[in-house]
Every structure is written in C-alpha cells, then in structure tokens.
Undergrad: 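Okay, here's the structure, questions in a sec.
One-based numbering along the sequence shown. Computation of the quantities below employed the complete heavy-atom set of this structure, encompassing side-chain atoms and omitting hydrogens, waters and symmetry-equivalent molecules. Everything quoted here is computed from the prediction, not taken from an experiment.
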Amino acid sequence: MRVYLNWIGRIILAIIRTLHGLGAFALITLGVTFTKFWKAADLIHPMISQQIMRAGVRLLPMVSFVAFALGFVVIGQTVSLLNRFGAQDWAGVVMVTVIVRELGPLVTALLVLARVGTSIVIELGTNRATGEVEALEALGIDPIHYLVMPRVLGVAASIFSLTVYMILVALLSGYLFAFIQDVPLRPGEYIDQLASSLRWQDFALLGLKTVSFGTAIAIITCYQGLARPVQLGQVADATSHAVVESVVACVLLDALFIIVYLVI
C-alpha cells in the first residue's frame with residue numbers, strides 16, 4: 001500500500017511540475033509575442049510564413065484525404081441512416097454538431113500534431129542538446145522570440161485554416177456520398193439545413209477552439225523541446241511526452257468548449 005501511494009504521489013508531483021513549467025513557458029511566450037512581434041520583423045515575419053507553409057500548405061493533401069474519408073464515413077452514413085427513418089430534416093443539425101463543432105477541429109489538430117508537432121520537438125531538442133540555444137543567448141538573441149514565437153503563430157494560424165478547409169471538404173464529400181446512394185436530398189435543401197443549423201456562436205467558437213488547439217500544441221512541443229533535452233538521447237522521451245500532453249490538452253480544451261456550447 002505504501003509503495004502504491006508513493007507511486008501516486010510521484011505522478012501527482014510530476015504533473016504539478018509539468019503544469020508549472022508549461023504555465024510559466026506559456027506566459028513568457030505570450031509576453032514575448034505581444035511585446036516583440038514587430039521587433040526584427042524583416043527576419044521573424046518570414047519565419048512565421050515558413051511555419052504556416054510547413055504546418056498548413058504542405059498538409060493540404062493529407063487533410064484533403066482525411067476530409068473526404070470523414071465526409072464519406074460520417075456524413076454520408078448519417079444522411080443515409082436519417083433517410084431510412086424519414087428524418088432528413090435533422091441532417092443539417094447532425095452535420096454541424098459532428099463535423100463543425102467536434103470532429104473537424106479535433107481531427108485537424110491531431111493531424112498537425114502528428115506531422116509537425118513531433119518534428120518541432122525533435123528540432124528544438126536537438127538545438128538544445130547541441131548547444132545552439134545557448135549560442136543564440138550568447139549572441140544576445142532571445143530564443144523565445146527567434147525559435148518559439150514563429151512556431152506558435154504559424155501552427156495556430158495553420159490549424160485554423162486547415163480546419164475550415166477540412167469542414168468544407170467533408171461537407172461536400174458527405175453530400176456526394178449521399179447523392180450516390182440516391183438519398184432524396186437536394187443541394188438547396190442541404191445548404192438550407194446547414195445554414196439554419198449554424199449560429200454566429202459556431203463561427204466565433206470555431207475560431208477560438210482552433211487557435212486554442214494550435215497554441216497549446218505549439219507551446220507544449222516547444223516547451224518539451226527546449227526545457228528537457230540536454231542530451232541527444234533525451235529527445236525521443238521529450239517527443240513522446242509532448243505528444244501525450246498535447247493530446248490531453250486538446251481533449252480537455254474540447255471538453256471545455258462542449259460545456260460552452262451547452263451553456264450558450
């Protein structure tokens with residue numbers, strides 16, 4: 001029993017230390033972003049564009065494939081099932097709830113985490129282990145401003161843009177699948193159902209949710225890359241920690257936004 005309690009205590013202490021470190025790192029990053037966004041703009045702003053290209057544009061083929069699959073599997077099957085029970089009028093509500101509010105943002109965030117988040121940890125962890133971060137500090141360059149801020153802004157903007165793209169493609173491919181199954185749902189009726197099911201809160205919360213996902217993923221991956229590895233052998237552990245913590249953060253944020261949807 002004592003061993004079990006000691007194990008639980010170590011886990012709780014590790015969680016507290018991680019939250020403390022992440023919280024401090026997040027505050028420092030946000031402070032640098034607001035105070036130094038226009039400092040060295042000729043150097044930093046192109047780096048932000050590079051991160052958007054890396055985390056956004058280059059992921060378009062993969063996001064397109066997942067969006068088509070999501071539309072065929074979720075929307076197409078849902079519309080077909082509703083048609084069997086004569087409940088086509090509920091198709092818009094179901095699609096907005098499942099795709100726009102939940103699966104679209106969460107799936108996009110996890111795709112970016114898998115493709116870009118892990119590489120951020122590896123890059124920054126390698127820089128830290130090889131002494132490049134200390135070299136930047138010796139030259140008077142703020143590592144948060146130079147290494148972290150472009151990645152945070154780039155990942156947040158990319159997840160927002162990719163989520164909008166995924167939702168549109170999923171809704172279109174879902175209707176295509178329903179059309180192939182001869183579901184009696186005209187394009188005009190389909191669009192009207194979607195429009196009537198959407199509220200202005202959906203657009204505002206979609207933007208907040210996607211930016212929150214992107215910011216959380218970028219801050220966690222940058223933190224694990226810069227705070228932990230002092231040897232190259234520790235980079236792999238830092239990557240696994242970053243993935244787990246990012247997934248937990250996204251799920252908790254998603255649960256928070258579900259509560260907000262229910263309240264409003």
Undergrad: With clusters built from Ile, Leu, Val, Met, Phe, Trp and Tyr whose side-chain heavy atoms come within less than 4.5 Å, directly or transitively, what are the remaining members of the cluster of Val263, listed by chain and number?
TA: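 Traced through the cluster, Val263 reaches Ile259.
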Undergrad: Among Ile, Leu, Val, Met, Phe, Trp and Tyr joined by side-chain contacts under 4.5 Å, find the other residues sharing a cluster with Ile258 and list them by chain and number.
TA: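 Members alongside Ile258: Leu262.
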Undergrad: What pairs with Tyr146 under ring-ring contact (aromatic ring centres under 6.0 Å, His included), at least two apart in sequence or on another chain?
TA: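 Not a single residue meets the ring-ring contact (aromatic ring centres under 6.0 Å, His included) criterion with Tyr146.
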Undergrad: Check whether any side-chain heavy atom of Asp202 sits under 4.5 Å from a side-chain heavy atom of Arg199, and report yes or no.
TA: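 Yes, their side chains come closer than 4.5 Å.
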Undergrad: Please work out which of the three classes, parallel, tilted or perpendicular, describes the rings of Trp38 and His45, given edges at 30° and 60°.
TA: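 Perpendicular, since the angle between the ring planes exceeds 60°.
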Undergrad: According to a hydrophobic-cluster definition based on side-chain heavy atoms being under 4.5 Å apart (Ile, Leu, Val, Met, Phe, Trp, Tyr only), do Leu22 and Val251 belong together?
TA: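 Leu22 clusters together with Val251.
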Undergrad: Sequence neighbours left out, what passes side chain to side chain donor-acceptor pair (under 3.5 Å) with Glu134? Give chain and number order.
TA: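 Arg128.
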Undergrad: Hey, does Ile159 have a side-chain heavy atom less than 4.5 Å from the side chain of Val211?
TA: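 Answer no - side chains too far apart.
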Undergrad: Could I get the full list of salt bridge (charged side-chain N to carboxylate O under 4.0 Å, His left out) partners for Asp192, not counting sequence neighbours?
TA: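 With neighbours one apart ignored, the set is empty.
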Undergrad: Roughly how far, to the nearest 0.5 Å, is NE2 of His241 from OH of Tyr223?
TA: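 Going from the OH atom of Tyr223 to the NE2 atom of His241 covers 10.5 Å.
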Undergrad: Can you confirm whether Ile144 sits close enough to Val148 that some side-chain heavy atom of one is under 4.5 Å from a side-chain heavy atom of the other?
TA: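 Yes, side chains in contact.
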Undergrad: If the condition is side chain to side chain donor-acceptor pair (under 3.5 Å), which residues does Thr18 pass it with, not counting sequence neighbours?
TA: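 Expected list: none.
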